[in-house]
Enquirer: 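Supplied in structure tokens, the structure appears directly below.
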Amino acid sequence: MRQAYFDNAATTYPKPEAVYREMDRFAREVGGSAGRSGHRRAVEAGRIVYAAREAAARLLNVGDPLRVVFTKNATEALNLAIWGLVRPGDHVVTTSIEHNSVMRPLVAAGSVGVEHSVVRCAPDGGLEPSDLEAALRPETTLVIITHASNVAGTILPLADVADIARRRGLRLLVDAAQTAGRLPLDMDPGGLDLIAFTGHKELFGPQGTGGLFVGEGVELVPLCYGGTGSHSTDFEQPREVPDRYESGTLNAMGLAGLGAGARFIAEAGLDGIRRHELELLGRLLEGLRSIRGVATYGPLEPEARVAIVPITVEGKSPPELAESLDTRYGIATRAGLHCSPAAHETLGTLETGALRISLSYMNTADEVDYLVESLREIVTSR
Ligand SMILES: Cc1ncc(COP(=O)(O)O)c(C=O)c1O
């Protein structure tokens with residue numbers, strides 16, 4: 001059966017060839033532990049990890065690769081930032097389209113006296129920056145926004161929010177899980193404080209990789225303490241970044257893949273990636289809108305979103321649709337709430353969930369046409 005993969009917002013597949021190659025090379029030919037020993041295998045592992053830091057820093061457009069802290073995913077990066085910053089009595093402002101990896105730590109932080117407010121986004125996921133500003137209180141210390149919704153694809157006005165945070169002297173944490181490797185993050189001339197990213201989505205790395213950019217002057221309480229291969233006579237956690245936040249052996253094989261993914265993107269260029277994505281997205285939206293009974297959610301204009309489109313179909317549940325696409329056509333999508341009940345509530349799809357179609361740079365126009373025609377068959381064969 002023909003196969004097509006449209007679950008890239010969960011994790012991208014396939015990866016560029018270089019990603020498989022670099023991970024295979026690491027496993028077979030390198031094999032040492034980065035930053036630990038002095039033999040050539042460990043030194044080479046250290047070099048590969050540093051190259052991944054450099055490639056990630058270039059894509060995030062942050063100057064210093066050493067301020068890119070590697071984690072196992074965006075969730076760990078968001079937890080490191082949130083728990084590392086908030087103190088009892090603090091107030092945090094976020095939006096109504098955040099992922100549970102923001103909402104759950106914030107709710108949990110309620111038990112140690114940290115309050116949060118959720119700014120309501122529009123039904124297409126859009127955020128009005130003045131609404132966010134109106135939610136700030138004298139005790140507010142932190143603003144958290146996703147750069148793009150993992151449900152509706154909506155791109156949030158990051159530059160405006162960064163401007164508000166800077167004017168009001170607040171820390172800004174950006175959840176770039178859906179945008180690192182896909183959209184530029186350099187719209188703030190003052191630089192962003194904290195950027196959480198994941199390696200296994202648009203950066204084309206493997207699962208188990210991610211990171212947090214920690215801006216100059218941002219001090220976090222570590223989430224985890226232990227061996228770093230540095231300052232070993234000292235029982236105190238080192239102060240230097242990234243060691244301070246990277247205890248334990250790194251996933252160097254995964255980071256070999258992440259580095260290769262980030263270099264692949266740099267070569268393709270974010271502009272070229274965006275052009276391809278917009279072309280496919282326009283084709284997908286047009287195709288979906290031509291099928292009777294299909295409702296699409298999120299911004300009408302492709303330029304206002306990344307290539308993620310949630311849909312519902314009259315008379316067919318999202319899980320039924322996902323199963324038909326998978327079993328009859330070999331097409332992978334994802335039904336349900338996508339770990340973002342808040343976003344579904346905002347879109348009006350909390351009760352049913354939605355079928356999420358998410359594209360990556362690796363998809364083709366031909367695959368989009370196959371998806372649209374397969375859906376048309378499913379929807380019309382009632
Ligand atoms: C917007 C957003 N934030 C955070 C995450 C969590 O990413 P990870 O699974 O890499 O921890 C995701 C993943 O689905 C996401 O889409």
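Every value quoted in this text rests on a predicted model; they were computed, and no experiment measured them. Ligands are counted one by one from 1 in listed order, and the atoms in each one are counted from 1 as well. Hydrogens, waters and symmetry mates are skipped; everything else that's a heavy atom, side chains included, is used.
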Enquirer: Take atom CD of Glu373 as the centre, draw a 6.0 Å sphere, and report whether it contains more than 12 heavy atoms from other residues, nucleotides or ligands.
Expert: yes
Enquirer: When Leu212 is tested against each of Leu223, Val218, Leu173 for side-chain contact (heavy atoms from CB on, under 4.5 Å), which residue passes?
Expert: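 One option only clears the test, and that one is Leu173.
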Enquirer: For atom 10 (O) of ligand 1, what is the nearest protein heavy atom, given as residue, atom name and distance?
Expert: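 Looking only at protein heavy atoms, the one closest to atom 10 (O) of ligand 1 is Thr198 OG1, 2.5 Å.
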Enquirer: Tell me which protein heavy atom sits closest to atom 9 (O) of ligand 1, plus the residue, atom name and distance to 0.1 Å.
Expert: His200 NE2, 3.8 Å
Enquirer: Can you tell me the protein heavy atom closest to atom 15 (C) of ligand 1 and the distance?
Expert: His99 CD2, 3.4 Å
Enquirer: Write out the residue and atom name of the closest protein heavy atom to atom 7 (O) of ligand 1, then the distance separating them to 0.1 Å.
Expert: Ala74 CB, 3.5 Å
Enquirer: Which ligand 1 atoms, with their elements, are less than 4.0 angstrom from a heavy-atom of Thr146?
Expert: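 Taking each heavy atom of Thr146 in turn, ligand 1 has 1 (C) under 4.0 Å.
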Enquirer: How close does the nearest protein non-hydrogen atom get to atom 4 (C) of ligand 1, and which residue and atom is it?
Expert: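 Here the nearest protein heavy atom works out to Ser101 OG, 3.1 Å.
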Enquirer: In the protein, which heavy atom is nearest to atom 16 (O) of ligand 1, and how far is it?
Expert: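 Residue, atom and distance for the closest contact: Gln178 NE2, 2.7 Å.
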Enquirer: For atom 11 (O) of ligand 1, what is the closest protein heavy atom, and at what distance to 0.1 Å?
Expert: Thr75 OG1, 2.5 Å
Enquirer: Nearest protein heavy-atom contact for atom 3 (N) of ligand 1: which residue, which atom, what distance?
Expert: Asp175 OD2, 2.6 Å
Enquirer: Please confirm whether the ring centroid of His99 lies under 6.0 Å from the ring centroid of His338.
Expert: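 Judged by ring-centre distance (under 6.0 Å), His99 and His338 do not meet the cut-off.
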Enquirer: Using modelled atom types and a 3.5 Å cut-off, is there a donor and acceptor pairing between side-chain atoms of Arg182 and backbone atoms of Gln178?
Expert: yes
Enquirer: Should the pair Arg2 and Tyr370 be classed as cation-pi, given the thresholds of under 6.0 Å to the six-membered ring centre and 45° from the axis?
Expert: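 That pair qualifies as a cation-pi contact.
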Enquirer: So which of Arg171, Arg239, Arg87 actually passes salt bridge (Lys or Arg N to Asp or Glu O under 4.0 Å) with Glu219?
Expert: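 That would be Arg239; it is the only one of Arg171, Arg239, Arg87 passing the salt bridge (Lys or Arg N to Asp or Glu O under 4.0 Å) with Glu219.
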Enquirer: Say whether Asp175 and Asn150, considering side chains only, have a donor N or O and an acceptor N or O under 3.5 Å apart.
Expert: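 No, because no side-chain N or O of Asp175 sits under 3.5 Å from a partner of the opposite role on Asn150.
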Enquirer: State if Lys201 counts as touching ligand 1 under the rule of any non-hydrogen atom under 4.0 Å.
Expert: yes
